[in-house]
Amino acid sequence: MHVLLSVMDDSLLKIPLAWNMVALEAKTTMTCIENLAEFVSRVKYEDLGKEAKEQLKVRILDAIGCAIGAIEAQTVQRIREHTCEFDHGNHCALIGGGSAAPDRAAFYNGALVRYLDFNDSYLAKGETCHPSDNLAPVLAATEYAKGRGRDLLTALAVAYQVQCRLSEAAPVRAAGFDHTTQGSYAVAAGVSKALRLTPEQTANALAICGTAFNALRVTRTGKLSNWKGLAYPNTAACCTNAVFLARQGITGPLEVIEGEKGFMDAIAGMFEVDWSREALDRVPATILKKYNAEIHSQTAIEAALSLKTEHRFDVREIESINVEIFDVAFHIIGGGDEGDKMQVRSKEEADHSLPYLIAVALLDGQVMPEQYQPERIIRNGVQQLLRRITIRPSDDYSARFPKEMPCRLTVSLRNGKSVSVECKDYPGFITRPMTWDDAFKKFEELASPHTSPELRRSISDSIHHLERIEVAALTRLLSDIRCSPESQHPGAMKNKECRVCH
């Protein structure tokens, strides 16, 4: 304000005082988006605390492991062939070889990170999101800008902060919108930071993305489709493109948050986030998955496996299973508001069906990617057992969420015996955070079928020392991953070798 007055003093003295005040107010009043843009521009690498840096690296390693683990999935291969058809090499590396324009790299690499539904989560009372979905667009933008690892860490922390805080303050699930709605602001913020845009360019990028990409919750209700895993990669790609438009000077509606028919008016209702007071502190508040399943199922799976280990019952002797759980889990994966969870026919439906997840955990002793093979899903044993499971919401457990993820699981056997256990957290939750060594074990398990030990060690070392390297050094390693000859790769099948890979 003092700088503004010193610049304007001479001109302001020549007009009436009332007009002086109007001019000052016009100069100093900022929209919500402009305030957010100032936050994005203001924060720097040094604002990341030691714990946040360490935990962000853990989440990058976890997300890259998820991506490598999905590299031969048919859905991902179709996205790769789509990229191959329209993009024959450009600025940004693709995981598995080749390169593409930043927005297409954000879509393909983002599809890899998201496909297994095994990456991190953030729990708010009315919203759940997966902040590492922002890794692909931020990675592409940082590589495009020839940035260093510290630039990637800063921009990704910005995206985490924006998505988590908007999930808390402005949940949209109950209004029928998908969590990718808040994600559009997060991608715009992270990519703008990585590209080193001005506050004005950043504000326009945020305004365009916040206006254009408000997705419907039907993505995750009813009969689920491939789009469940591709909705955020699509948002990432579209928003990355929009940020580059803002970089060229294209403007957006700066009153997108508070304006007439804007985000508050049309979707979220009134809320407030004072971005002038924000730090980069949300990364350690996110959680990682122990099991390859929807996040709200983690404690129920933990409970089921602990009961089986402790009591050593024969799964064939189960008469019924009763699960009491918090309301969010009941509504999303337990058969509450978002579709029949007893009809399980695909990977997308299986990883969002709590009855299936408990049943397959008890039968197989784990929930990992192999539990979603089509032949596993349709097998009679799991299909019959899941129908013996009843899910009920508990008011007490609901009140304890999201600080806890409480549930009680009771197994009744045909001999009349019942065993029960209560579980409130699991390894990877905020109360029991995953260490680097824990994350590396998960990374090894997911990546080992598709990489050599030397490549895995090089990737993990690069992430562990990310602030010391150029981002291109990491993306070169990710390009060295190759699909196996046996993979169902459309490009490989039709053309012997993929135009993107080679």
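Residue numbers run from 1 in the order of the sequence given. All values derive from a computational prediction rather than experimental measurement.
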Please tabulate, for the side chains in residues 253-263, all donor-acceptor contacts under 3.5 angstrom to protein atoms that are two or more places apart in sequence or on a different chain.
| unit_1 | atom_1 | unit_2 | atom_2 | d |
| --- | --- | --- | --- | --- |
| E258 | OE2 | C32 | N | 3.3 |

[X]: which residues meet the side-chain hydrogen bond (donor to acceptor under 3.5 Å, both in side chains) condition with it, sequence neighbours left out?
X	value
T221	none
Q343	none
T410	S420

Would you call K417 and E319 a salt bridge, taking side-chain N to carboxylate O under 4.0 Å as the test? no
Partners of [X] by salt bridge (charged side-chain N to carboxylate O under 4.0 Å, His left out), sequence neighbours excluded?
X	value
E127	none
R379	none
K347	D351
R217	D178, E338

Any ring-ring contact (aromatic ring centres under 6.0 Å, His included) pairs touching residues 63-84, not counting sequence neighbours? H82-F86
Keeping to residues at least two apart or across chains, list the ring-ring contact (aromatic ring centres under 6.0 Å, His included) pairs with something in residues 159-178. none
Within residues 383-405 or reaching into it, pairs that qualify as salt bridge (charged side-chain N to carboxylate O under 4.0 Å, His left out) - sequence neighbours excluded: D396-R400, R400-E404
Show me the pairs that pass salt bridge (charged side-chain N to carboxylate O under 4.0 Å, His left out) and involve residues 132-144, at least two apart or across chains. R114-D133
